[in-house]
Amino acid sequence: MEIEENTYRLCFVCGMDNPRGLRVSYRHKDGETSAKVIIEDAFAGYPGIVHGGIVTTLLDETMAKTIEHLGIWAVTASIEVSFRCPTPVNTPLVLLGRRVKGETRLFRTEATLCLEDGTVLAEARAVFVKSPKPIADKLG
Ligand SMILES: CCCCCCCCCC(=O)SCCNC(=O)CCNC(=O)[C@H](O)C(C)(C)COP(=O)(O)OP(=O)(O)OC[C@H]1O[C@@H](n2cnc3c(N)ncnc32)[C@H](O)[C@@H]1OP(=O)(O)O
């Protein structure tokens with residue numbers, strides 16, 4: 001079954017009301033989180049290549065969404081990113097996230113950014129820590 005996600009409408013990545021944001025729409029299916037995205041050249045670092053900070057942001061968000069979909073509000077405590085290939089601007093990309101391991105407070109996740117043909121552009125691993133305060137209360 002495919003389920004639509006929760007969102008914070010001003011989130012830089014997923015907020016549909018953020019005029020400066022990336023407006024990524026996520027889906028959750030069979031324990032995985034996914035999204036399709038095209039990053040325009042306003043987010044390049046080197047010519048034609050998406051800035052690594054933006055790639056990291058996309059991977060971070062994808063993992064956060066994976067955790068959030070479980071009803072757990074958590075923040076990124078640590079993140080490690082491997083940039084395998086330059087990420088092209090103005091090109092369809094695929095984000096995939098999954099929870100690797102979760103205990104009561106710490107959650108380990110992984111995410112990948114690929115081309116539509118499956119070529120891996122970047123991979124991330126992160127540790128999320130459950131928020132002591134209910135983040136959801138602050139969402140508009
Ligand atoms: C619907 C809308 C969805 C929108 C999604 C948006 C997603 C955005 C995702 C993000 O980018 S969140 C923003 C970036 N992250 C932060 O701002 C987090 C800032 N850091 C903190 O708030 C605190 O440092 C943190 C909550 C992560 C930990 O503070 P604590 O005071 O709870 O730490 P504590 O020392 O008690 O450690 C608790 C556990 O976490 C572990 N831990 C803490 N920092 C860690 C770290 N950096 N790496 C790995 N583990 C860590 C620590 O070892 C320990 O494990 P154990 O319980 O097993 O002992």
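Note that the structure is a prediction, hence the values are computed from the model and not measured.
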S.K.: Nearest 0.5 Å please: distance from the CG atom of Leu96 over to the CZ atom of Arg27.
M.R.: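 Taking CG in Leu96 and CZ in Arg27, the distance rounds to 14.0 Å.
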S.K.: Under the rule for salt bridge (Lys or Arg N to Asp or Glu O under 4.0 Å), what residues qualify as partners of Arg105, not counting sequence neighbours?
M.R.: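 Salt bridge (Lys or Arg N to Asp or Glu O under 4.0 Å) check on Arg105 returns nothing, list empty.
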S.K.: Can you list the residues that meet the side chain to side chain donor-acceptor pair (under 3.5 Å) rule with Asn90, with sequence neighbours excluded?
M.R.: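 For Asn90 there are no side chain to side chain donor-acceptor pair (under 3.5 Å) partners, ignoring immediate neighbours.
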S.K.: What are the two closest non-hydrogen atoms of His28 and Lys65, and how far apart are they?
M.R.: CE1-O, 3.3 Å
S.K.: Could you tell me which non-hydrogen atom of Ser25 sits nearest to which non-hydrogen atom of Ala35, and how far apart they are?
M.R.: O-CB, 3.5 Å
S.K.: Where do Cys14 and Glu61 land on the side-chain contact (heavy atoms from CB on, under 4.5 Å) test, with the steps shown first?
M.R.: CA-CA 8 Å; Cys14 71; Glu61 178 86 5; 3.3 Å; yes
S.K.: Would you kindly confirm whether Val94 and Val24 end up in one hydrophobic cluster when ILVMFWY residues are joined by side chain heavy atoms under 4.5 Å apart?
M.R.: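 The answer is no; the residues belong to distinct hydrophobic clusters.
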S.K.: Who pairs with Arg108 by salt bridge (Lys or Arg N to Asp or Glu O under 4.0 Å), at least two apart in sequence or on another chain?
M.R.: none
S.K.: Let me see the working for Thr62 and Tyr26 under side-chain contact (heavy atoms from CB on, under 4.5 Å), right down to the final yes or no.
M.R.: CA-CA 8 Å; Thr62 303; Tyr26 283 91; 3.0 Å; yes
S.K.: Thr66: what forms a side-chain contact (heavy atoms from CB on, under 4.5 Å) with it, not counting sequence neighbours?
M.R.: Thr33, Arg99
S.K.: Are any of the side-chain nitrogens in Glu110 or Arg98 under 4.0 Å away from the carboxylate oxygens of its partner?
M.R.: yes
S.K.: Flag yes if Val37 and Phe83 sit in one hydrophobic cluster, no otherwise; membership is Ile, Leu, Val, Met, Phe, Trp, Tyr, and two members link when side-chain heavy atoms are under 4.5 Å apart.
M.R.: yes
S.K.: Answer whether the closest heavy-atom distance between the side chains of Val100 and Thr109 falls below 4.5 Å.
M.R.: no
S.K.: Phe43 vs Phe12 aromatic rings, parallel, tilted or perpendicular, using cut-offs 30° and 60°?
M.R.: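 Rings of Phe43 and Phe12: perpendicular, over 60°.
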S.K.: Test side-chain contact (heavy atoms from CB on, under 4.5 Å) on Glu32 and Asp30; report intermediate values, then the result.
M.R.: CA-CA 6 Å; Glu32 288 195 340; Asp30 301 331; 5.8 Å; no
S.K.: Arg23: what forms a side chain to side chain donor-acceptor pair (under 3.5 Å) with it, not counting sequence neighbours?
M.R.: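 Residues passing side chain to side chain donor-acceptor pair (under 3.5 Å) with Arg23: none at all.
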S.K.: Any pair with a residue in residues 35-55 that passes side chain to side chain donor-acceptor pair (under 3.5 Å), sequence neighbours left out, goes on the list, sorted by first then second residue, please.
M.R.: none
S.K.: If you measure from OG on Ser34 to CG on Leu95, what distance do you get to the nearest 0.5 Å?
M.R.: 8.5 Å
S.K.: Roughly how far, to the nearest 0.5 Å, is the OG1 atom of Thr57 from the CD1 atom of Ile39?
M.R.: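 If we round to the nearest 0.5 Å, Ile39:CD1 and Thr57:OG1 are 9.5 Å apart.
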S.K.: For the OG atom of Ser78 and the CG atom of Leu106, what is their distance to the nearest 0.5 Å?
M.R.: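 One finds 9.0 Å between OG of Ser78 and CG of Leu106.
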S.K.: Just verifying a value: how many Å separate Arg125 CZ and Ser82 OG, rounded to the nearest 0.5 Å?
M.R.: 8.0 Å
S.K.: Of all residues at least two apart in sequence or in a different chain, which pass the side chain to side chain donor-acceptor pair (under 3.5 Å) check with Thr91?
M.R.: none
S.K.: Which residues pass the side-chain contact (heavy atoms from CB on, under 4.5 Å) test with Ile72, sequence neighbours left out?
M.R.: Ile67, Leu70, Ala74, Phe107, Lys130
S.K.: Name every donor-acceptor pair, under 3.5 Å, that has one atom in a side chain of residues 111-123 and the other anywhere in the protein, sequence neighbours excluded.
M.R.:
| unit_1 | atom_1 | unit_2 | atom_2 | d |
| --- | --- | --- | --- | --- |
| Asp117 | OD1 | Thr119 | N | 2.9 |
| Asp117 | OD1 | Thr119 | OG1 | 2.7 |
| Asp117 | OD2 | Thr119 | OG1 | 3.4 |
| Glu123 | OE1 | Arg84 | NE | 2.6 |
| Glu123 | OE1 | Arg84 | NH2 | 2.9 |

S.K.: Apart from Ile38 itself, which Ile, Leu, Val, Met, Phe, Trp or Tyr residues share its cluster (side-chain heavy atoms under 4.5 Å, direct or through members)?
M.R.: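 Noted: Ile38 shares its cluster with no other residue.
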S.K.: Who pairs with Thr76 by side chain to side chain donor-acceptor pair (under 3.5 Å), at least two apart in sequence or on another chain?
M.R.: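 Listed in chain order: Asp60.
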S.K.: In Å and rounded to the nearest 0.5 Å, what is the CD1 to OG1 distance from Ile54 to Thr87?
M.R.: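 Rounded to the nearest 0.5 Å, the CD1-OG1 separation comes out at 11.0 Å.
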S.K.: With clusters defined by side-chain heavy atoms of hydrophobic residues (ILVMFWY) lying less than 4.5 Å apart, directly or transitively, does Val13 cluster with Ile79?
M.R.: yes
S.K.: Mind checking what makes side-chain contact (heavy atoms from CB on, under 4.5 Å) contact with Glu80, not counting sequence neighbours?
M.R.: none
